[in-house]
Amino acid sequence: MNGQAPLHVVAMGVSGTGKSTVAARLAERLGLDYIEGDSHHPQANIDKMSSGVPLTDEDRRPWLETLARLVRERHEQGRSTVLTCSALRRRYRDILRSGAPDGDLFFVHLDAPFEVLEERMKAREHFMPPSLLRSQIETLEPLEADERGVRVDVSLPVDTVVNEAVEAIGHTRQNAQF
């Protein structure tokens, strides 16, 4: 990317925010590798969530470490990434940051009102049932002031969401925070 260090972006948020859709479009638009975080869950995690049981921190840790390793591998190859991961808690984001030099990741926190997300979840096929949305919202710790990122309202059209994210990423990149 024009002699700059690789760029690593995490599309984060609770289920139903459109992480996969937004991340895929970001990756395409920015010319970055796309990593679908959900495809790296161990089967035990998928089974647990499918049965309506929320994951514990112990369930999530190996998955988060795998995602951090994938980012690290691409970084070492000079490749930039867009990763999807709920990244609901600060400590989860800290694990992801361990995959990038100096912990530099840019988080695009996708957010919308509960009712919007619940309707989206009911209308799709996914291993995460709508019944777990409330527990995810209760678990969510918004980005803190020292975490690089932006919050984007996904009630807006997806093209608007992607444009807002690209603008925020570009602004941060221009200020050499990556």
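Along the sequence shown, the residues carry numbers beginning at 1.
Taken from OG1 in T21 to CG in L110, the straight-line distance is 10.0 Å, to the nearest 0.5 Å. L64 CG to S86 OG: the interatomic distance, rounded to the nearest 0.5 Å, is 7.0 Å. With rounding to the nearest 0.5 Å, the separation of OH in Y92 from CG in L67 is 13.0 Å. Atom-to-atom distance recorded for L96:CG and C85:SG is 4.5 Å, nearest 0.5 angstrom. For the atom pair H109 NE2 and L88 CG, the distance stands at 8.5 Å (nearest 0.5 Å). To the nearest 0.5 Å, atom OG of residue S155 and atom CG of residue L117 are 7.5 Å apart.
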Set out, in order, the CA-CA distance, both residues' side-chain angles and the distance that settles side chain to side chain contact (heavy atoms under 4.5 Å, CB included) for T139 and Q136, then state yes or no.
CA-CA 5 Å; T139 300; Q136 281 204 325; 5.6 Å; no
Is there a side chain to side chain contact (heavy atoms under 4.5 Å, CB included) between V150 and E167? Walk through the geometry before answering.
CA-CA 10 Å; V150 64; E167 183 178 323; over 6 Å; no
Between T81 and D33, is the side chain to side chain contact (heavy atoms under 4.5 Å, CB included) condition met? List the steps.
CA-CA 5 Å; T81 59; D33 289 355; 4.2 Å; yes
Please evaluate residues V108 and V82 with respect to the criterion side chain to side chain contact (heavy atoms under 4.5 Å, CB included), reporting the C-alpha separation (whole Å), side-chain torsions for both, the decisive distance (0.1 Å), and the verdict.
CA-CA 10 Å; V108 177; V82 177; over 6 Å; no
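Counting non-hydrogen atoms of other residues, nucleotides and ligands closer than 6.0 Å to CD of E73 gives a total above 12. Shown here is E28, whose CD atom has no more than 12 heavy atoms of other residues, nucleotides or ligands within 6.0 Å.
We find that R90 and D94 are joined by a salt bridge, their nearest charged nitrogen and carboxylate oxygen being less than 4.0 Å apart. Between E141 and R91 there is no salt bridge, since no side-chain N of the basic residue sits under 4.0 Å from a carboxylate O of the acidic one. Ion pair E65/R61 flagged as a salt bridge, since at least one NZ, NE, NH1 or NH2 atom sits closer than 4.0 Å to an Asp/Glu carboxylate oxygen. The pair E76-R72 fails the salt-bridge criterion, with no side-chain N (NZ, NE, NH1 or NH2) lying under 4.0 Å from an Asp/Glu carboxylate O.
Put simply, the side chain of R93 gets close to the backbone of A87: a donor and an acceptor are under 3.5 Å apart. Using a distance-only test at 3.5 Å, with no hydrogens or angles considered, no donor-acceptor pair links the side chain of R151 to the main chain of D111. Counting only distance, with no hydrogens or angles, the side chain of E147 and the backbone of F107 share no donor-acceptor pair below 3.5 Å. When atom types are taken as modelled, the side chain of K19 and the backbone of E36 share no donor-acceptor pair closer than 3.5 angstrom.
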Distance-only donor-acceptor pairs under 3.5 Å for side chains of residues 156-163, two or more places apart:
from, atom 1, to, atom 2, distance (Å)
D159, OD1, R25, NH1, 2.9
N163, OD1, R29, NH1, 2.4
N163, OD1, R29, NH2, 3.3
N163, ND2, D159, O, 3.2

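Looking at L83 and L70, their side chains never come closer than 4.5 Å, going by heavy atoms from C-beta outward. Residues D153 and E164 fail the side-chain proximity criterion, which asks for heavy atoms closer than 4.5 Å. The side-chain heavy atoms of Y34 and L26, taken from C-beta on, include no pair separated by under 4.5 Å. By the 4.5 Å heavy-atom criterion applied to side chains, E138 and V14 are not counted as neighbours. Looking only at side-chain heavy atoms (C-beta outward), R60 and I95 stay at 4.5 Å or farther from each other.
Nearest approach of A23 to T84, heavy atoms of both residues: CB-CG2, 3.3 Å. Residue G149 comes nearest to L143 through the heavy atom pair CA-CD1, 3.9 Å, listed as atom of the first residue, atom of the second, then distance.
The ring-ring contact (aromatic ring centres under 6.0 Å, His included) check on H75 picks up H8, with sequence neighbours excluded.
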